[in-house]
> 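Okay, handing you the structure first.
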2 protein chains.
Amino acid sequence: MSENVFIAKLLAQGERITPVRRALIAVLSKTQEPQTQQELLRQLKKKGFKVNKTTVYRQLEALEKNGIIFAVHFTDRNKRYELMDENGHHHHLVCLKCGCIEDAILMSDLKQQEKTILKKHKFKVLRHTLEFFGICGRCGKKSG
Amino acid sequence: MSENVFIAKLLAQGERITPVRRALIAVLSKTQEPQTQQELLRQLKKKGFKVNKTTVYRQLEALEKNGIIFAVHFTDRNKRYELMDENGHHHHLVCLKCGCIEDAILMSDLKQQEKTILKKHKFKVLRHTLEFFGICGRCGKKSG
DNA sequence: CTACATGCAAAAAATTTGCACCACC
DNA sequence: GGTGGTGCAAATTTTTTGCATGTAG
């Protein structure tokens, strides 16, 4: 249950543990692709969890502020959320044909980049997003 | 006038050169930060250029499809556009306090990363986004 | 108890669509 | 002269806000 790590983090930060927060963390920990508010709401309701969309928006915002989840934007207009990975979050491969999303296996050390940025730009990087857009293996086979 | 490069590219692709397209390219070539539809519309109007927001949306979409401009999403909910850089587009440093956006000087070879991704994931990368979020030099001074 | 979480409805903001008309090639 | 660009208004979608009520700590 890595979920408990996040619960613990919230508690440590003096935040309340409410059913909605618990449920959001649970759903996010069971999905690999970053989820939109709509998808999360749908999944919660499917599980019989009664919750309002406003609350989902508000709690996603709160969880993001508390460093529990992370927001990414792909090609569509919706924000997507994923759980913050303690070892640094991962990056994504977004297929422009089928829309599937894989996690990228990356060996770059952006940590080093961030140090360079601090030196050259006097800019303290707190987080970053790195996303790749293209054609996934399956779509590549289908159409050349 | 690097603007002409983009005009030429559009022509080469059999696209029409309309006043709106020309104006959008002109405005984007004079701004360093990626612009939202709203900002672009405002700048066009300020220049006395009469155009409707729907048209701006439609032309931004068209220009993106034709590889003239590139869309990025930061922390707010708006899509932003910048001209495609022929040497590869640049990355950004987004200040979470004042919202300013600088271009990052980067020395990473994402090209190499993309080759690795093709091998490991069978995923053909067409483009990527890499954005850093943090505290810019000015804000860093102000508040510690 | 009390501050914060929640639901509902309504507002605001961002984007898209339908349709008539205009202009470039 | 026909395809595609444009404007306007209205619809849709996404997100936010106000306020009354419930609930975790």
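The analysis underlying the following values was restricted to heavy atoms, covering all of them including side chains, and did not include hydrogens, waters or symmetry mates. Here is how names work: the chains are called A, B, and so on, in the same order as the sequence lines, proteins then strands, and each is numbered from 1.
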> Only one of A/Arg21, A/Lys30, A/Arg22, A/Lys9 forms a salt bridge (Lys or Arg N to Asp or Glu O under 4.0 Å) with A/Glu3, so which one is it?
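Exactly one candidate clears the test, A/Lys30.
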> Does D/dC8 have OP1 or OP2 under 4.0 Å away from a side-chain N or O of B/Lys50?
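So the side chain of B/Lys50 is within the cut-off, an N or O lying under 4.0 Å from OP1 or OP2 of D/dC8.
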> Name the residue closer to the 5' end of DNA chain C, choosing between A/Val20 and B/Gln38 according to the nucleotide with the nearest heavy atom.
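Its nucleotide being nearer the 5' end, the pick is A/Val20.
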> Starting from P on C/dA13, measure out to CZ on B/Arg42 and report it in whole angstrom.
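It works out to 14 Å between those atoms.
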> Tell me: CG of A/Asn52 to P of D/dG22, nearest whole Å?
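From A/Asn52 CG to D/dG22 P: 16 Å.
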> If the cut-off is 4.0 Å, is A/Asn78 near the phosphate of D/dT13, judged by side-chain N/O to OP1 or OP2?
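False: A/Asn78 side-chain N/O out of range (4.0 Å or more) of D/dT13 OP1/OP2.
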> Walk along nucleotides 17-25 of chain C from 5' to 3' and tag each nucleotide B, S or - by protein heavy-atom contact under 4.0 Å, base first, then sugar-phosphate.
BB----BB-
> I need the B/Leu96 CG to A/Arg127 CZ distance, nearest 0.5 Å.
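The distance works out to 5.5 Å.
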> Under a 4.0 Å threshold between the charged nitrogen and the carboxylate oxygen, would B/Arg80 count as salt-bridged to B/Glu39?
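Yes, B/Glu39 and B/Arg80 are salt-bridged.
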> Just verifying a value: how many Å separate B/Cys136 SG and A/His121 NE2, rounded to the nearest 0.5 Å?
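Reported value, rounded in 0.5 Å steps: 12.0 Å.
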> How are the rings of B/Phe74 and B/Phe133 set to each other: parallel, tilted or perpendicular (split at 30° and 60°)?
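B/Phe74 vs B/Phe133 ring planes: perpendicular.
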> Using atom CD of B/Glu64 as one end and atom P of C/dT16 as the other, report the distance to the nearest whole Å.
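So the CD-P distance, B/Glu64 to C/dT16, works out to 11 Å.
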> Can you measure A/His73 atom NE2 to D/dT15 atom C1' for me and round it to whole angstrom units?
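Whole-Å distance recorded here is 11 Å.
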> Can you tell me how far P of C/dC4 sits from CD of A/Gln59, to the nearest Å?
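Value for this atom pair: 13 Å.
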> Answer whether the closest heavy-atom distance between the side chains of B/Val27 and B/Lys47 falls below 4.5 Å.
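They are in side-chain contact.
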> Under the salt bridge (charged side-chain N to carboxylate O under 4.0 Å, His left out) definition, can you give me all pairs with a residue in residues 50-69 of chain A, not counting sequence neighbours?
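Listed by first then second residue: nothing to list.
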> Indicate whether OP1 or OP2 belonging to D/dT15 is found under 4.0 Å from a side-chain N or O atom of A/Tyr57.
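Result: yes.
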> How many Å lie between CD on B/Gln37 and C1' on C/dT16, as a whole number?
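After rounding, the reported distance stands at 12 Å.
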> In whole angstroms, how far is the C1' atom of D/dA24 from the CZ atom of A/Arg21?
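So the CZ-C1' distance, A/Arg21 to D/dA24, works out to 10 Å.
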> Between the side chains of B/His128 and B/Gln113, is a donor N or O closer than 3.5 angstrom to an acceptor N or O?
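Side chains of B/His128 and B/Gln113: no pair found under 3.5 Å.
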> Does B/Lys53 reach a base, just sugar-phosphate, or nothing at all? Heavy atoms under 4.0 Å.
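Result for B/Lys53 = base.
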> At 10 degrees resolution, what angle do the end axes of the helix from C/dC1-D/dG25 to C/dC25-D/dG1 form when each is taken over five base pairs?
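Angle reported: 50°, given to the nearest ten degrees.
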> Taking CG from A/Leu60 and P from D/dT14, how many angstroms apart are they, rounded to a whole number?
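The answer, rounded to whole Å, is 15 Å.
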> Within a strict 4.5 Å, meaning less than it, do heavy atoms of the B/His92 and B/Asp103 side chains meet?
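They are in side-chain contact.
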